[in-house]
Amino acid sequence: MATLEDLYAVSRRLCFDVQEGLGRLERNQASGGGQQRNERLARDTRTRLGELKKITNEMERRWRDMAMTASISKSDTWKVRRRERD
């Protein structure tokens with residue numbers, strides 16, 4: 001299972017790929033590039049964007065899990081300290 005840092009690194013790479021793909025699409029359309037090449041580039045960019053969405057969702061899920069775990073452990077610590085005082 002990939003760590004949060006691994007997912008972040010992959011998501012950054014995908015962001016750069018999507019940005020580059022969009023730039024290339026814009027340049028190709030401005031220069032009147034081949035329709036077939038533009039379709040292939042658009043499909044590849046869409047695929048990378050879909051991968052980025054999946055990774056982003058996984059990162060958010062893991063971040064929420066980490067936040068909940070931290071919140072629960074703090075709550076447990078508070079309960080133990082309160083019992084010790086009583």
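Predicted model, so just to flag it, every value in this text is computed and none were measured.
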Review point. Members other than Leu25 in its cluster, when Ile, Leu, Val, Met, Phe, Trp, Tyr link by side-chain heavy atoms under 4.5 Å?
Key: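 Once heavy-atom contacts under 4.5 Å are chained together, Leu25 belongs with Leu41.
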For the [atom1] atom of [X] and the [atom2] atom of [Y], what is their distance to the nearest 0.5 Å?
| X | Y | atom1 | atom2 | answer |
| --- | --- | --- | --- | --- |
| Thr45 | Glu20 | OG1 | CD | 9.0 Å |
| Lys54 | Leu49 | NZ | CG | 11.5 Å |
| Asn38 | Gln35 | CG | CD | 6.0 Å |

**Study point:** Set of residues satisfying side-chain hydrogen bond (donor to acceptor under 3.5 Å, both in side chains) with respect to Asp65, sequence neighbours excluded
**Key:**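 Only Arg61 meet the side-chain hydrogen bond (donor to acceptor under 3.5 Å, both in side chains) criterion with Asp65.
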Point to revise | Any pair counted as salt bridge (charged side-chain N to carboxylate O under 4.0 Å, His left out), so long as it reaches residues 26-37, sequence neighbours left out | key: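 Listed by first then second residue: nothing to list.
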Practice item. Answer with yes or no whether the side chains of Asp44 and Thr47 bring together a donor and an acceptor at under 3.5 Å. Key: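 No, because no side-chain N or O of Thr47 sits under 3.5 Å from a partner of the opposite role on Asp44.
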Taking distance alone, no hydrogens or angles, what donor-acceptor pairs closer than 3.5 Å link side-chain atoms of residues 11-19 to residues at least two apart or in another chain?
from	atom 1	to	atom 2	distance (Å)
Ser11	OG	Leu7	O	3.4
Ser11	OG	Tyr8	O	2.7
Arg13	NE	Asp17	OD1	3.2
Arg13	NH2	Asp17	OD1	2.7
Asp17	OD2	Arg48	NE	3.3

Review point. Listed by chain and number, what are the side chain to side chain contact (heavy atoms under 4.5 Å, CB included) partners of Thr56, not counting sequence neighbours?
Key: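 Counting only residues at least two positions away or on another chain, Thr56 forms a side chain to side chain contact (heavy atoms under 4.5 Å, CB included) with Leu52, Glu60.
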